[in-house]
Colleague: 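One structure, pasted below without further comment.
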Amino acid sequence: GESVSFALLDALVRGNRELAVSLLRQEETSDDAVFKLLGLFAWQVRQALMVRDEYDRGVTAPDMIAATIGAKPFSVRKIMPLIPKLSLPRLKHSLGYLSDLDHAIKTGQIRPGVALDLFVWKF
């Protein structure tokens with residue numbers, strides 16, 4: 001799950017939506033799997049926000065960032081190469097959008113699989 005979410009984020013940041021959708025289809029085995037993926041995306045975007053904040057403050061060493069934000073160094077090292085393409089507004093918008101999608105799923109306004117597709121296309 002976690003390694004798939006990093007591959008998905010990498011594909012999204014690089015603009016390779018086709019690969020992202022393909023990876024989603026491999027993981028999208030049930031509605032529960034969709035909720036887990038949405039949760040992983042939200043976690044990952046929050047992590048990226050914190051990494052971005054430290055990076056913008058001039059801290060560029062992954063291990064130092066990890067210690068400062070209380071994250072695993074592995075996670076920070078996976079996110080660091082993507083930071084130049086992940087602006088603060090983009091990350092904030094993505095986190096808000098995930099929250100909106102979560103609400104829409106839980107209120108029956110959208111199907112879980114459709115929500116994931118929308119996230120991929122609007123990231």
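Throughout, residue positions are numbered sequentially from 1 according to the sequence presented. What's counted below: heavy atoms across the whole structure, side chains too, no hydrogens, waters or symmetry copies.
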Colleague: If you compare all heavy atoms of Val13 against all heavy atoms of Arg90, which two are closest, and at what distance to 0.1 Å?
Modeller: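 Smallest heavy-atom distance, with atoms named: CA-NH2, 4.1 Å.
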
Colleague: Below 4.0 angstrom, N of the basic side chain to O of the carboxylate: do Asp10 and Lys85 qualify?
Modeller: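 No, Asp10 and Lys85 are not salt-bridged.
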
Colleague: Could you tell me which non-hydrogen atom of Val76 sits nearest to which non-hydrogen atom of Ala71, and how far apart they are?
Modeller: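 Looking at all heavy atoms of both residues, the closest pair is CG2-CB, 4.0 Å.
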
Colleague: Quick one: closest heavy-atom pair of Met80 and Thr60, and the distance?
Modeller: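 Met80 and Thr60 have their closest heavy atoms at CE-O, 3.3 Å.
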
Colleague: Name the orientation class of the two ring planes belonging to Phe41 and Phe119 (parallel below 30°, tilted from 30 to 60°, perpendicular beyond 60°).
Modeller: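 Because their plane-to-plane angle lies in the 30° to 60° range, the rings of Phe41 and Phe119 count as tilted.
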
Colleague: Taking Arg52 for its side chain and Ser87 for its backbone only, find out whether a donor-acceptor pair lies under 3.5 Å.
Modeller: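 No, because the side chain of Arg52 does not come within donor-acceptor range (under 3.5 Å) of the backbone of Ser87.
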
Colleague: Under a 4.5 Å cut-off applied to non-hydrogen side-chain atoms, are Ile79 and Ile65 in contact?
Modeller: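 With C-beta onward as the side chain, the pair stays apart.
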
Colleague: Just to verify, which of Lys122, Arg25, Arg111, Arg17 counts as forming a salt bridge (charged side-chain N to carboxylate O under 4.0 Å, His left out) with Asp117?
Modeller: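 With Asp117 as partner, Lys122, Arg25, Arg111, Arg17 yield a single salt bridge (charged side-chain N to carboxylate O under 4.0 Å, His left out), made by Arg25.
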
Colleague: Which is it for Leu95 and Leu91 under the side chain to side chain contact (heavy atoms under 4.5 Å, CB included) test, yes or no, and what are the steps along the way?
Modeller: CA-CA 6 Å; Leu95 191 58; Leu91 288 168; over 6 Å; no

Colleague: Let me confirm one number: the CG-CD1 distance from Asp102 to Ile110, rounded to the nearest 0.5 Å.
Modeller: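 Reported value, rounded in 0.5 Å steps: 11.5 Å.
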
Colleague: Tell me the closest heavy-atom pair linking Leu101 and Ala115, and the distance in Å.
Modeller: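 Taking Leu101 first and Ala115 second, the nearest heavy atoms are CD1-O, 3.4 Å.
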
Colleague: So which atom in Ala20 and which in Leu12 form the shortest heavy-atom distance, rounded to 0.1 Å?
Modeller: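 Of all heavy-atom pairs spanning Ala20 and Leu12, the closest is CB-CD2, 3.8 Å.
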
Colleague: Check whether any side-chain heavy atom of Lys92 lies under 4.5 Å from a side-chain heavy atom of Val45, and answer yes or no.
Modeller: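 Answer no - side chains too far apart.
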
Colleague: Return the NZ to CD distance between Lys72 and Gln47, rounded to the nearest 0.5 Å.
Modeller: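 With rounding to 0.5 Å, NZ (Lys72) is 9.5 Å from CD (Gln47).
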
Colleague: Taking atom CG of Leu116 and atom CG of Leu38, what is their separation to the nearest 0.5 Å?
Modeller: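 Answer rounded to 0.5 Å: 4.5 Å.
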
Colleague: In the structure I gave you, are the side-chain heavy atoms of Val51 and Leu86 within less than 4.5 Å of one another anywhere?
Modeller: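 A side-chain contact under 4.5 Å is absent here.
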
Colleague: Between Gln26 and Ser22, does the side chain to side chain contact (heavy atoms under 4.5 Å, CB included) criterion hold? Intermediate values first, please.
Modeller: CA-CA 7 Å; Gln26 292 173 25; Ser22 174; 3.8 Å; yes

Colleague: Check whether any side-chain heavy atom of Asp53 lies under 4.5 Å from a side-chain heavy atom of Ile69, and answer yes or no.
Modeller: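 The answer is no; the side chains never approach within 4.5 Å.
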
Colleague: Compare all side-chain heavy atoms of Asn16 with those of Glu18 and state whether any distance is below 4.5 angstrom.
Modeller: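 They are in contact (side-chain heavy atoms under 4.5 Å apart), so the answer is yes.
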
